Asker: 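Structure provided below as structure tokens; questions to follow.
Remember, predicted model here, so these are calculated numbers, not experimental data. Along the sequence shown, residues are numbered consecutively beginning with 1.
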Amino acid sequence: MVYKYCENRNFEDLASGKVIVHKAGYPNFPVRLAQEIFSRCLHHLDDPDSVCIYDPCCGGGYLLTVLGFLNYERIKTIMASDISDDAIQLANENLSLLDKNGLKKRIRQINDLLSLHNKNSHIDALNSATNLLDILANSTHEIERKVFKADILSNIPLDNANFQYPCVNQV
């Protein structure tokens with residue numbers, strides 16, 4: 001595949017399990033490919049700077065969290081659903097990283113791990129978390145987030161979704 005929109009650069013700050021929480025059984029998605037697909041979608045929108053993105057099978061929310069950090073100024077709202085309560089809990093935890101308070105809480109957790117185990121991986125994670133915090137600190141807005149349980153295969157899968165969010169465009 002020829003990448004038209006996403007440069008080949010280092011995305012290690014967004015590695016699953018570093019700052020973004022990973023649990024066994026929840027797959028990752030290649031960061032560069034995710035950004036390329038998202039950027040190709042943005043290319044077709046009338047207003048690519050005010051996007052609402054919804055993932056109906058979000059799993060642990062890794063993909064949405066990555067896209068949120070890479071496109072923070074363009075995304076207005078992120079909505080995520082899954083059938084699994086465990087997935088919803090993990091998605092909430094990961095998507096909370098797109099908020100300064102949520103990311104600062106994760107930094108405290110990583111600092112606690114560093115104090116306990118004194119591993120280089122925790123130092124690397126703190127450096128990555130600081131880089132991600134810079135994205136939020138330089139932003140002019142916060143991404144609205146909504147995570148909810150839904151069975152997209154049911155007859156009324158989004159009955160309780162409350163799509164009252166100001167979604168201008170949907171990708």
Side-chain angles (χ1 to χ4, degrees), residues 1-22 26-84 87-88 90-104 106 127-153 157-158 160-171:
M1 178 172 140
V2 176
Y3 285 81
K4 295 165 58 174
Y5 298 98
C6 186
E7 72 279 1
N8 188 10
R9 65 179 181 93
N10 185 330
F11 293 103
E12 71 180 60
D13 289 340
L14 300 168
S16 181
K18 194 171 197 177
V19 177
I20 300 173
V21 180
H22 175 76
Y26 292 93
N28 305 332
F29 196 88
V31 173
R32 186 174 181 217
L33 180 59
Q35 181 60 25
E36 178 68 20
I37 293 168
F38 185 77
S39 296
R40 287 180 184 213
C41 293
L42 289 178
H43 181 73
H44 297 285
L45 295 178
D46 294 332
D47 183 9
D49 293 322
S50 185
V51 174
C52 173
I53 185 170
Y54 170 53
D55 185 347
C57 303
C58 70
Y62 175 74
L63 175 64
L64 290 173
T65 304
V66 164
L67 290 174
F69 277 116
L70 291 175
N71 303 280
Y72 202 87
E73 289 301 318
R74 293 190 144 179
I75 297 175
K76 183 173 177 94
T77 307
I78 291 177
M79 300 183 74
S81 68
D82 203 283
I83 194 170
S84 162
I88 293 301
L90 183 56
N92 263 320
E93 185 175 356
N94 281 328
L95 289 170
S96 77
L97 300 174
L98 295 171
D99 173 80
K100 290 173 192 155
N101 291 328
L103 188 52
K104 287 177 182 176
R106 179 67 175 137
N127 290 333
S128 290
T130 301
N131 293 339
L132 296 175
L133 192 56
D134 287 344
I135 293 170
L136 304 183
N138 294 324
S139 177
T140 59
H141 81 290
E142 287 187 13
I143 295 175
E144 297 177 51
R145 302 169 317 276
K146 179 174 177 154
V147 181
F148 56 97
K149 185 174 181 174
D151 178 357
I152 64 165
L153 298 178
L158 303 175
N160 296 318
N162 187 16
F163 281 98
Q164 300 299 318
Y165 283 73
C167 297
V168 176
N169 291 309
Q170 295 186 359
V171 177

Asker: What residues form a side chain to side chain donor-acceptor pair (under 3.5 Å) with N8, not counting sequence neighbours?
Answerer: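 None.
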Asker: For residues 95-104, which side-chain N or O atoms pair as donor and acceptor with protein atoms under 3.5 Å away, sequence neighbours left out?
Answerer:
unit_1: S96; atom_1: OG; unit_2: E93; atom_2: O; d: 2.6
unit_1: D99; atom_1: OD2; unit_2: N101; atom_2: N; d: 2.9
unit_1: D99; atom_1: OD2; unit_2: G102; atom_2: N; d: 3.2

Asker: Would you kindly say whether Y54 and S81 are connected by a side-chain donor-acceptor distance under 3.5 Å?
Answerer: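 Yes - a donor-acceptor pair under 3.5 Å links their side chains.
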Asker: The criterion is salt bridge (charged side-chain N to carboxylate O under 4.0 Å, His left out); which residues satisfy it with E142, sequence neighbours excluded?
Answerer: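 Not a single residue meets the salt bridge (charged side-chain N to carboxylate O under 4.0 Å, His left out) criterion with E142.
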Asker: Can you name the salt bridge (charged side-chain N to carboxylate O under 4.0 Å, His left out) partners of E36, sequence neighbours left out?
Answerer: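 If we apply the salt bridge (charged side-chain N to carboxylate O under 4.0 Å, His left out) test to E36, skipping adjacent residues, the hits are R40.
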Asker: Taking side chain to side chain donor-acceptor pair (under 3.5 Å) as the test, write out the residues that go with H141, two or more places apart.
Answerer: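 Scan of H141 (side chain to side chain donor-acceptor pair (under 3.5 Å), adjacent residues dropped) gives none.
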Asker: Partners of Y26 by ring-ring contact (aromatic ring centres under 6.0 Å, His included), sequence neighbours excluded?
Answerer: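 Not a single residue meets the ring-ring contact (aromatic ring centres under 6.0 Å, His included) criterion with Y26.
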Asker: Identify, with sequence neighbours excluded, every residue that meets side chain to side chain donor-acceptor pair (under 3.5 Å) alongside N92.
Answerer: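 Once residues adjacent in sequence are excluded, N92 has no partner under the side chain to side chain donor-acceptor pair (under 3.5 Å) criterion.
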Asker: The criterion is ring-ring contact (aromatic ring centres under 6.0 Å, His included); which residues satisfy it with Y3, sequence neighbours excluded?
Answerer: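 Y3 satisfies ring-ring contact (aromatic ring centres under 6.0 Å, His included) with no residue once adjacent residues are dropped.
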Asker: Partners of I135 by side chain to side chain contact (heavy atoms under 4.5 Å, CB included), sequence neighbours excluded?
Answerer: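 By the side chain to side chain contact (heavy atoms under 4.5 Å, CB included) rule, I135 matches F69, Y72, L132.
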Asker: Can you list the residues that meet the salt bridge (charged side-chain N to carboxylate O under 4.0 Å, His left out) rule with R74, with sequence neighbours excluded?
Answerer: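 Only D49 meet the salt bridge (charged side-chain N to carboxylate O under 4.0 Å, His left out) criterion with R74.
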Asker: So, does N94 use its side chain to make a donor-acceptor pair with the main chain of V21 at under 3.5 Å?
Answerer: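 Yes, the answer is positive, given that a donor and an acceptor are paired below the 3.5 Å cut-off.
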Asker: Under the rule for side chain to side chain donor-acceptor pair (under 3.5 Å), what residues qualify as partners of S84, not counting sequence neighbours?
Answerer: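 S84 satisfies side chain to side chain donor-acceptor pair (under 3.5 Å) with no other residue.
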Asker: If you look only at distance, which donor and acceptor atoms sit under 3.5 Å apart when one is on a side chain in residues 55-65 and the other is two or more places apart or in another chain?
Answerer:
unit_1: D55; atom_1: OD1; unit_2: C57; atom_2: N; d: 3.1
unit_1: Y62; atom_1: OH; unit_2: L14; atom_2: O; d: 2.9
unit_1: T65; atom_1: OG1; unit_2: G61; atom_2: O; d: 2.7

